[in-house]
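These numbers come from a predicted model, not from an experiment.
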Amino acid sequence: MDLDRRARVRLIGAAAGAALLAPLGVWARPGTEGAAGGPRLVPTDLRGRDPAAAPAARRVYALLAGLENDARRGRPSRTVIGQHVELQNERYNARYGDYRGTKQPGYYYRKAHDITGRLPGFVELDLGPGYGQPGWAVGEARSYSAAWPSCRRSWGYVEDAVDLAVGVWAGLPRAADGSYRPSGTHRECASGAEVALPHNGAARRAWSASPSTSPTRAAPSRASRRRCTATPPAPRTPAGSAG
């Protein structure tokens, strides 16, 4: 093979390699600025936060960051993006989040709307014992928890999580429909603090709930065998089935 032919082969190979790598470069670009006057984009390369990130983790992160950037640009998508709400941290952990101090429950559910103009398509919540509290109790007793010790500090978030889930499902604020707190606002008995859930224009959305470990923060692991191992004071649902 003469020198000119070898040079052409190398040039073709280099061009093909550049074409294959170009999409990866688009996914992994580190910039966070969009077009002039456009939305601020999130970084798509996980190595900016974790230089030792595995290739698989980088691909997943780039995919999710790309979906987020498309949403910020207003591009149509068939992907439904939801949110995991750490409501217990919003209420009780002053070091959690984008500023120091506790937040109203659902603060980051609303924050998604503030950033993108849209509410999450679905919400996942932790349901479990009180924040750092062992045993069983509730913030304020309801028909389904009347037998439990009530008005306990750091347990109010359990009811707030249920109320947020119902608000996402049925809309908030909503007309009095027999459900708890259709206005989304109440004063907690344990702390006296006013609790206000974010409104969603009474629009319905899907939601899912994820049980937490028991006890939440004292369990050595989140293994299923350690989850909800203690019998609650009222181990039956309102419908009468075993709880």
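- Here R187 does not pair with E140 in a salt bridge; the nearest charged N to carboxylate O distance is not below 4.0 Å.
- Contact record, A65 with P43: CB-O, 3.6 Å, taken as the closest heavy-atom pair.
- Using modelled atom types, one finds a donor on one side chain and an acceptor on the other under 3.5 Å when comparing E86 with H84.
- Taking all atoms of both residues into account, the shortest heavy-atom contact from A165 to L125 is CB-CD1, 3.6 Å.
- Distance OG1/T44 to CG/L64: 11.5 Å, rounded to 0.5 Å.
- Residue pairs meeting the disulfide (SG to SG under 2.5 Å) criterion with at least one partner in residues 71-104, sequence neighbours excluded, do not occur; the list is empty.
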Item to complete: Could you walk me through whether D177 and R174 pass the salt bridge (Lys or Arg N to Asp or Glu O under 4.0 Å) test, one step at a time?
Response: CA-CA 8 Å; D177 56 1; R174 58 187 180 277; 3.3 Å; yes
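- A pairwise comparison of heavy atoms in G101 and K103 identifies O-NZ, 2.7 Å as the closest pair.
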Fill in: Derivation and outcome, side chain to side chain contact (heavy atoms under 4.5 Å, CB included), residues R40 and N69
CA-CA 8 Å; R40 183 175 179 83; N69 286 335; over 6 Å; no
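- How far CG of L119 is from NZ of K111: 13.5 Å, rounded to the nearest 0.5 Å.
- Ionic pairing of R73 and E68 is not present here: no N-O contact between side-chain nitrogen and carboxylate oxygen is shorter than 4.0 angstrom.
- Checked by atom type and distance alone, the side chain of N200 pairs as donor or acceptor with a backbone atom of L172 at under 3.5 Å.
- Formation of a donor-acceptor pair under 3.5 Å by the Q83 side chain with backbone atoms of Y108 is found in this model.
- In this structure the side chain of R91 reaches within 4.5 angstrom of the side chain of L87, judged on heavy atoms.
- With hydrogens and angles disregarded, no donor-acceptor distance shorter than 3.5 Å links the side chain of R100 to the backbone of A94.
- Identified under the disulfide (SG to SG under 2.5 Å) test for residues 62-174, with sequence neighbours left out: C151-C189.
- The shortest distance between side-chain heavy atoms of R110 and H199 does not fall below 4.5 Å.
- Here the side chains of N93 and T102 are not in contact, with every heavy-atom distance at 4.5 Å or above.
- The shortest non-hydrogen separation linking V138 to S145 is CG1-CB, 3.7 Å.
- Pairing each heavy atom of P198 with each of G106, the nearest pair is CG-O, 3.4 Å.
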Item to complete: Report the C-alpha distance between D50 and R58 in whole Å, list the side-chain angles of each, state the deciding distance to 0.1 Å, and finish with yes or no for salt bridge (Lys or Arg N to Asp or Glu O under 4.0 Å).
Response: CA-CA 9 Å; D50 182 4; R58 290 173 54 201; over 6 Å; no
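- Here the straight-line distance linking atom CD of E159 with atom NE2 of H186 works out to 7.5 Å at 0.5 Å rounding.
- Between Y99 and Y107, the distance separating the two ring centers is shorter than 6.0 angstrom.
- By the ring pair (Phe, Tyr, Trp, His ring centres under 6.0 Å) test, Y61 is found to be paired with no residue, residues two or more places apart in sequence or in another chain being considered.
- Residues T185 and E194 have side chains in contact (heavy-atom distance under 4.5 Å, counting atoms from C-beta outward).
- Q104 contributes a side-chain N or O that, together with a main-chain N or O of A196, makes up a donor-acceptor pair within less than 3.5 Å.
- Shown here for P182 and A176, the closest heavy-atom pair between the two residues is CG-CA, 4.1 Å.
- Two residues are said to be in side-chain contact when any heavy atoms from C-beta on lie closer than 4.5 Å; Q88 and D126 meet this criterion.
- Looking at P105 and V195, their side chains come closer than 4.5 Å, going by heavy atoms from C-beta outward.
- The local environment of CZ in R153 is sparse, with at most 12 non-hydrogen atoms from other residues, nucleotides or ligands closer than 6.0 Å.
- Atom CZ of R181 is separated from atom OG of S183 by 9.0 Å, given to the nearest 0.5 angstrom.
- Screening W155, Y157, Y92, Y96 for a ring pair (Phe, Tyr, Trp, His ring centres under 6.0 Å) with Y131, the sole residue that qualifies is Y92.
- For the pair R142 and Y180, the cation sits on the ring face: its NZ or CZ lies under 6.0 Å from the ring centre, inside 45° of the axis.
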